[in-house]
Amino acid sequence: MESIFHEKQEGSLCAQHCLNNLLQGEYFSPVELSSIAHQLDEEERMRMAEGGVTSEDYRTFLQQPSGNMDDSGFFSIQVISNALKVWGLELILFNSPEYQRLGIDPINERSFICNYKEHWFTVRKLGKQWFNLNSLLTGPELISDTYLALFLAQLQQEGYSIFVVKGELPDCEADQLLQMIRVQQMHRPKLIGEELAQLKEQRVQKTDLERVLEGNDGSGMLDEDEEDLQRALALSRQQIDMEDEEADLRRAIQLSMQGSSRNISQDIPQTSGTHLTSEELRKRREAYFEKQQQQQQQQQQQQEDPPGQLSQPCERPTTSSGALDGDLGDAMSEEDMLQAAVTMSLETVRNNFKMEGKK
């Protein structure tokens with residue numbers, strides 16, 4: 001599509017756009033077309049003068065404006081036809097009896113020029129595909145072979161005059177390129193008026209939005225943002241409070257386990273059914289670990305003694321809790337002591353919470 005030459009509408013220069021889109025280049029300017037129009041006007045004046053320069057028809061002709069152009073940039077079919085003669089091209093009316101008798105299928109032609117009132121545009125074949133090169137469109141419009149006849153018929157129904165361009169068109173880059181490839185068009189180009197109206201509507205909506213924001217200082221949007229921020233902060237504070245409570249509970253358990261021997265004086269239920277104080281529990285724990293250490297020393301001594309020599313029984317060292325022989329039956333297992341320590345920690349936490357509640 002980018003290789004196709006397409007002039008967009010400027011003022012009322014649709015005849016110029018029609019010719020340049022047909023020839024695929026900037027071949028004609030308003031000045032050149034105006035020159036052709038003036039030449040046609042002079043030829044008409046000379047024909048009218050043949051009937052006498054003093055005749056009423058001649059004087060009336062001189063008072064009338066030109067029929068080949070006007071100040072808006074409009075040019076007549078005579079101007080377009082004379083401009084194409086420079087390139088050896090001629091126009092034939094599509095729905096004329098002479099052309100219809102030829103029975104030519106429109107897809108076998110090369111181009112058409114369409115006119116309704118003061119608007120002109122070109123429909124041309126480039127490569128193997130047809131394009132509507134109307135200057136009122138934002139770009140070339142692809143027309144399929146099957147739709148071409150229907151498109152021309154629709155234009156005739158709307159009152160358009162259609163002319164077939166006969167002759168050899170000048171070579172152009174788009175025609176050469178589209179001979180090798182076929183293009184596809186996903187979206188039909190819009191009319192320039194539709195695009196301008198859409199852009200204008202977008203600008204109006206943007207202006208209205210800016211005016212509303214300036215009047216409210218953006219308070220409406222800011223209020224919503226502020227509410228979202230407050231909710232996020234509240235959730236964050238709740239999470240922090242929960243984390244602080246969990247941290248306090250962990251510290252209380254840790255302090256309770258470290259200071260249980262100093263702060264707890266109440267009895268602890270044991271699996272053996274007896275009640276031990278924290279001091280008695282500590283002494284039994286020391287005795288248990290010393291017994292474990294003594295057994296390890298005995299095993300090490302037996303491994304070091306030579307074969308055949310009996311090792312001497314090691315004397316059991318006494319501890320601050322006295323001899324272990326009479327206490328082994330009552331000694332607590334490691335699992336019992338761990339359970340007792342956990343129970344002491346939990347009791348300490350409960351007592352601390354009760355004291356805080358009383359305060």
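Residue Q184 places its CD atom among 12 or fewer non-hydrogen atoms of other residues, nucleotides or ligands, all under 6.0 Å distant. Counting heavy atoms of neighbouring residues, nucleotides and ligands inside a 6.0 Å radius, atom CG of D71 does not exceed 12 of them. More than 12 non-hydrogen atoms from other residues, nucleotides or ligands lie less than 6.0 angstrom from CD of E158. Within a 6.0 Å sphere centred on CD of Q157, heavy atoms belonging to other residues, nucleotides or ligands number 12 at most. Shown here is E10, whose CD atom has no more than 12 heavy atoms of other residues, nucleotides or ligands within 6.0 Å. Residue E173 places its CD atom among 12 or fewer non-hydrogen atoms of other residues, nucleotides or ligands, all under 6.0 Å distant.
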Check step by step if side-chain contact (heavy atoms from CB on, under 4.5 Å) holds for N95 and I162. CA-CA 7 Å; N95 60 350; I162 302 176; over 6 Å; no

Between H6 and N21, does the side-chain contact (heavy atoms from CB on, under 4.5 Å) criterion hold? Intermediate values first, please. CA-CA 6 Å; H6 179 252; N21 290 340; 4.1 Å; yes

From CA spacing to verdict: side-chain contact (heavy atoms from CB on, under 4.5 Å), Q129, V183: CA-CA 8 Å; Q129 294 174 287; V183 298; 3.4 Å; yes

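Of all heavy-atom pairs spanning Y27 and E32, the tightest one is O-OE1, 3.2 Å. Taking each heavy atom of Q24 and L133 in turn, the nearest pair found is NE2-CD1, 3.7 Å. Contact detail for P140 and F131: the closest heavy-atom pair is CB-CD2, 4.4 Å. Closest non-hydrogen pair, S3 versus A174, comes out as O-CB, 3.5 Å. Between L13 and P30, the closest heavy-atom pair is CD1-CG, 3.8 Å. Between Q176 and D171, the shortest heavy-atom distance links the atoms NE2-CB, 4.1 Å.
Judged by distance alone, the side chain of Q9 and the main-chain N or O of S135 form no donor-acceptor pair under 3.5 Å. Checking side-chain atoms of T122 against main-chain N and O of C18 turns up a donor-acceptor pair under 3.5 Å. Looking only at distances, a side-chain donor or acceptor of W120 sits under 3.5 Å from a matching main-chain atom of F75. Checked by atom type and distance alone, the side chain of D41 never pairs as donor or acceptor with a backbone atom of E44 at under 3.5 Å. Checking side-chain atoms of R124 against main-chain N and O of L22 turns up a donor-acceptor pair under 3.5 Å.
Side-chain contact check for S76 and N68: at least one donor-acceptor pair (N or O, by modelled atom type) lies under 3.5 Å. Checked by atom type, the side-chain pair S161/N115 shows no donor-acceptor distance below 3.5 Å. In the model, N134 has no side-chain atom that pairs as donor or acceptor with a side-chain atom of H17 under 3.5 Å. N20 and E7 share a donor-acceptor pair across their side chains, judged by distance under 3.5 Å alone. No donor-acceptor contact under 3.5 angstrom links the side chains of D57 and S55, judged on distance only.
Using cut-offs of 30° and 60° on the angle between ring planes, the pair F94 and Y99 is tilted.
Counting only heavy atoms from C-beta outward, the side chains of I36 and M69 never approach each other to under 4.5 Å. Looking only at side-chain heavy atoms (C-beta outward), L91 and I77 come within less than 4.5 Å of each other. A heavy-atom distance below 4.5 Å is found between the side chains of L23 and L89. Between L40 and N82 the shortest side-chain heavy-atom distance falls below 4.5 Å. Proximity of L19 to L33: side-chain heavy atoms (C-beta onward) are separated by under 4.5 Å at one or more points.
In this structure, W130 has its ring center no closer than 6.0 Å to that of Y147. You'll find the ring centres of F121 and Y160 inside the 6.0 Å limit.
Here the straight-line distance linking atom CG of N108 with atom CG of L102 works out to 12.5 Å at 0.5 Å rounding. Taking CD1 from I4 and CG from L126, the interatomic distance works out to 5.5 Å, rounded to the nearest 0.5 Å. Atom CZ of R188 and atom CD of E141 lie 4.5 Å apart (nearest 0.5 Å). Distance check, rounded to the nearest 0.5 Å: CZ of F74 to OG of S66 gives 9.5 Å. Annotation: the span from R59 atom CZ to Q64 atom CD amounts to 13.5 Å, rounded to 0.5 Å. One finds the CD atom of Q16 at 8.5 Å from the CD atom of E26 (value rounded to the nearest 0.5 Å).
Each of I107, V123, L152 was checked for a side-chain contact (heavy atoms from CB on, under 4.5 Å) with I143, and the lone residue meeting it is V123. Between F163 and the choices L84, I92, L93, the side-chain contact (heavy atoms from CB on, under 4.5 Å) rule is met once, by L93.
Note on L169 and F112: separate hydrophobic clusters, where clusters join Ile, Leu, Val, Met, Phe, Trp and Tyr whose side-chain heavy atoms are under 4.5 Å apart, directly or indirectly. Criterion: ILVMFWY side-chain heavy atoms under 4.5 Å apart, direct or through other members. Under it, F5 and L178 are not part of a common hydrophobic cluster. I181 and L142 end up in the same hydrophobic cluster when Ile, Leu, Val, Met, Phe, Trp and Tyr side chains are linked at under 4.5 Å.
Under 4.0 Å is where a charged nitrogen must lie from a carboxylate oxygen, and between K85 and E90 no such pair does. Between R110 and D175, at least one side-chain N (NZ, or NE/NH1/NH2) sits under 4.0 Å from a carboxylate O, which counts as a salt bridge. The pair E50-R47 fails the salt-bridge criterion, with no side-chain N (NZ, NE, NH1 or NH2) lying under 4.0 Å from an Asp/Glu carboxylate O.
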